[in-house]
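Position 1 is the first residue of the sequence; numbering continues from there. Heavy-atom basis, side chains included; hydrogens, waters and symmetry copies ignored.
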Amino acid sequence: MQYWIFYPPLKHATGGTVVLLQLASRLMELGRLQGVLYWDTPLESHENIFPWVHVQSAKLRAQDCLIIPEGWPNALAFGFKAGCRSLVYCQNWAYLFQGLEPGVRWHNLPVDFLAVSDPVAWHMEQILGKRPPIIRPTINQKIFFPPDNKPSGNYRVGFMPRKNKALAEQIQRIFAERNPHISLDWIPIHGLDPEGVAQVLRSCHIFLVTGFPEGCPLPPLEAMACGCLCVGFNGFGGWDYMRQIDELGFIPPQYPLRTVPWQGNGWWVADGDVLGAAQGLELAIKKLISHDCHAIQQNMLLTTQSYSIDSQRHEVAAV
């Protein structure tokens with residue numbers, strides 16, 4: 001079976017499209033990638049890496065498989081027309097029904113599914129009645145790695161303004177009100193390429209996670225790989241790897257956490273809990289002040305190692 005991947009017509013690359021191309025890379029390694037389908041123009045930076053094929057020119061066969069990201073169900077028409085297998089790769093549980101016409105049910109369509117994380121697979125099982133296989137994203141550990149030393153002076157807290165900026169500002173204000181004696185440097189991370197993001201993260205002591213909903217959020221993993229203590233929202237999909245340092249911390253209702261080889265790797269709170277996130281920052285700073293971070297750093301290392309290219313390669317081969 002040969003595989004085609006539909007690349008959505010977006011103006012800019014996103015975390016989801018990066019993961020699609022990761023999947024394309026793994027299929028190329030296996031000699032199973034027939035082509036990456038595009039509607040407008042292929043990405044210039046990847047033109048010479050993947051076999052880009054315009055959707056109108058693609059010759060899908062009945063024995064092939066078409067993979068599309070969630071949110072673009074109309075692209076399934078190309079697979080239906082060819083009579084080939086169709087797979088929807090769901091990278092965010094919140095967008096499972098995005099783009100699906102009112103009255104149309106997934107149960108009535110000849111499609112199968114992939115999930116990006118264990119929480120997403122669990123969510124889909126509750127809705128669709130069947131648990132899909134999982135292909136997790138990977139982080140580039142040649143780019144995201146810890147520095148020899150973190151900078152001295154005020155503790156630096158990295159955050160991404162594009163992820164619920166108003167909530168990030170609330171957390172900053174709450175922290176300042178509760179801790180007038182502590183000066184933090186708030187470092188926005190925005191509009192940078194992966195190398196730039198990694199460089200900023202290596203200069204930060206803490207990463208404030210404000211994104212939700214999420215399927216398997218990569219920024220916290222990248223921050224851990226760069227040696228940042230992590231605090232903030234879980235996005236639900238983050239529970240694929242997020243584990244509480246504080247035994248009394250928030251845990252997800254209903255969803256049973258999968259077994260992992262690491263323990264607490266952050267202070268995680270319910271999505272939108274700005275007070276809880278500010279309190280988590282206080283706990284992280286206490287750890288930094290007391291130089292009691294070794295066990296946490298070991299757990300962060302174990303966490304990020306599980307999102308390596310080799311791990312992803314094994315999951316793709318299994319599917």
- Min side-chain heavy-atom separation Cys204-Cys228 under 4.5 Å: yes
- Does Leu275 CG have over 12 foreign heavy atoms under 6.0 Å away? yes
- Shortest non-hydrogen pair, Ala24 vs Leu33, comes out as O-CD2, 3.6 Å
- Evaluate the side chain to side chain contact (heavy atoms under 4.5 Å, CB included) criterion for residues Ile289 and Tyr155: first the C-alpha distance (whole Å), next the side-chain angles of each, then the deciding distance (0.1 Å), finally the verdict. CA-CA 10 Å; Ile289 292 173; Tyr155 291 120; 3.7 Å; yes
- Hey, are the side chains of Ile251 and Trp268 touching, using non-hydrogen atoms and a 4.5 Å cut-off? no
- Query: Can Trp239 and Asn234 be counted as having a side-chain donor-acceptor contact under 3.5 angstrom?
  - Reply: yes
- Is atom NE2 of His314 surrounded by more than 12 heavy atoms (other residues, nucleotides or ligands) closer than 6.0 Å? no
- Message: With heavy-atom distances below 4.5 Å as the criterion, would you say the side chains of Val111 and Ile68 are in contact?
- Response: no
- Over all atoms of both residues, closest heavy-atom pair of Met160 and Val197: CE-CG1, 4.4 Å
- Message: Please determine whether side chain to side chain contact (heavy atoms under 4.5 Å, CB included) holds for the pair Lys150 and Arg156, giving the CA-CA distance in whole Å, both sets of side-chain angles, and the decisive distance to 0.1 Å.
- Response: CA-CA 9 Å; Lys150 292 288 185 176; Arg156 294 164 57 89; over 6 Å; no
- Note on the structure: In this structure, CD1 of Ile285 is separated from OG of Ser290 (nearest 0.5 Å) by 12.0 Å
- Message: Using the rule given for side chain to side chain contact (heavy atoms under 4.5 Å, CB included), can you reason through Leu66 versus Tyr3, listing the C-alpha separation, both sets of side-chain angles and the distance that settles it, and then say yes or no?
- Response: CA-CA 6 Å; Leu66 173 64; Tyr3 292 83; over 6 Å; no
- Task: Apply ring-ring contact (aromatic ring centres under 6.0 Å, His included) to Phe212 and Phe236, showing your working.
- Result: CA-CA 8 Å; Phe212 70 88; Phe236 183 61; over 10 Å; no
- Query: Are Arg178 and Gln279 close enough that some pair of their side-chain heavy atoms sits under 4.5 Å apart?
  - Reply: yes
- Message: Return the CD to CD distance between Gln141 and Gln305, rounded to the nearest 0.5 Å.
- Response: 6.5 Å
- Should Leu167 and Leu184 be counted in the same cluster of Ile, Leu, Val, Met, Phe, Trp and Tyr side chains packed under 4.5 Å apart? yes
- Sort out for me which residue in Val157, Leu201, Ile187 forms a side-chain contact (heavy atoms from CB on, under 4.5 Å) with Phe207. Leu201
- Message: So that I know where these two stand, are Tyr7 and Trp52 an aromatic pair - ring centroids less than 6.0 Å apart?
- Response: yes
- Message: Quick check on Arg173: does its CZ atom have over 12 non-hydrogen neighbours (other residues, nucleotides or ligands) under 6.0 Å away?
- Response: no
- Report whether Trp262 and Phe144 are members of the same hydrophobic cluster (ILVMFWY, side-chain heavy atoms less than 4.5 Å apart, transitive linking). yes
- Message: Which heavy atom of Val200 sits nearest to which heavy atom of Ser203, and what is that distance?
- Response: O-OG, 2.6 Å
- Message: Please report the interatomic distance SG(Cys293) to CD1(Ile245), rounded to the nearest 0.5 Å.
- Response: 8.5 Å
- Item | Residues Asp64 and Arg85 bridged, charged N to O under 4.0 Å | no
- Query: Any chance CD of Gln244 has more than 12 other-residue heavy atoms, nucleotides or ligands included, within less than 6.0 Å?
  - Reply: yes
- Item | Side-chain heavy atoms of Tyr89 within contact of Val19, under 4.5 Å | yes
- Query: Taking the six-membered ring for Trp, are the ring centroids of Trp106 and Phe113 within less than 6.0 Å of each other?
  - Reply: yes
- Query: Would you find a donor on one side and an acceptor on the other, under 3.5 Å apart, between the side chain of Asn164 and the backbone of Thr210?
  - Reply: yes
- Message: Starting from Phe250, can I reach Ile171 by hopping between I/L/V/M/F/W/Y residues whose side chains sit under 4.5 Å apart?
- Response: yes
- Mind running side chain to side chain donor-acceptor pair (under 3.5 Å) on Glu70 and Gln98 for me, showing each step along the way? CA-CA 7 Å; Glu70 95 286 355; Gln98 183 174 358; over 6 Å; no
- Query: Out of curiosity, does Ile127 fall in the hydrophobic cluster containing Tyr255 (side-chain heavy atoms, cut-off under 4.5 Å, transitive links)?
  - Reply: yes
- Message: Between His123 (side chain only) and Asn92 (backbone N and O only), is there a donor and an acceptor less than 3.5 Å apart?
- Response: no
- Query: Where is the tightest heavy-atom contact between Met300 and Asn265, given as atom of each residue plus distance?
  - Reply: CG-O, 4.1 Å
- Would you say Cys230 and Met224 make side-chain contact, with heavy atoms under 4.5 Å? yes
- Query: Side chains of Glu282 and Asn179: do they bring a donor and an acceptor to under 3.5 Å?
  - Reply: yes
- Item | Flag, side chain of Asn299 to backbone of Gln263, donor-acceptor distance under 3.5 Å | yes
- Item | Arg105 side, atom CZ; Phe97 side, atom CZ - distance, nearest 0.5 Å | 9.0 Å
- Task: Answer yes if the side chains of Arg136 and Ser117 hold a donor-acceptor pair under 3.5 Å, and no otherwise.
- Result: no
- Can the ring centres of Tyr241 and Tyr307 be said to be less than 6.0 Å apart? yes
- Message: Looking at Glu195, I want to see if its CD is surrounded by more than 12 non-hydrogen atoms of other residues, nucleotides or ligands under 6.0 Å.
- Response: yes
- Message: Can you tell me if Glu29 has over 12 outside heavy atoms packed within less than 6.0 Å of its CD?
- Response: yes
- How about Tyr38 and Pro8: do any of their side-chain heavy atoms sit closer than 4.5 Å? no
- Point-to-point distance, once rounded to the nearest 0.5 Å, from CD of Gln91 to CG of Leu96: 13.0 Å
- Step-by-step side chain to side chain contact (heavy atoms under 4.5 Å, CB included) determination, Leu60 to Trp4: CA-CA 8 Å; Leu60 279 72; Trp4 302 81; 3.9 Å; yes
- Would you mind reporting whether Leu229 and Ile296 have side-chain heavy atoms less than 4.5 Å apart? yes
- Task: Tell me yes or no: between the side chains of Asn154 and Ser183, is some donor less than 3.5 Å from an acceptor?
- Result: no
- Message: Quick check: closest heavy atoms across Pro132 and Ala121, and the distance to 0.1 Å?
- Response: CD-O, 3.7 Å
- Query: Which heavy atom in Trp93 sits nearest to a heavy atom in Pro213, and how many Å separate them?
  - Reply: CZ2-CB, 3.4 Å
- Query: Are Lys163 and Glu214 ion-paired here, with the side-chain N under 4.0 Å from a carboxylate O?
  - Reply: yes
- Per the side-chain contact (heavy atoms from CB on, under 4.5 Å) rule, which among Val120, Leu114, Asp118 passes with Val116? Val120
- Counting only N and O atoms by type, is there a donor-acceptor contact under 3.5 Å from the side chain of His190 to the main-chain atoms of Arg162? no
- Task: Could you state whether Leu20 and Val55 fall into the same hydrophobic cluster, counting links through intermediate Ile, Leu, Val, Met, Phe, Trp or Tyr residues with side-chain heavy atoms under 4.5 angstrom apart?
- Result: yes
- Any salt bridge between Glu125 and Lys130, counting N to O under 4.0 Å? no
- Task: Any chance you could measure Leu27, atom CG, to Arg32, atom CZ, to the nearest 0.5 Å?
- Result: 8.5 Å
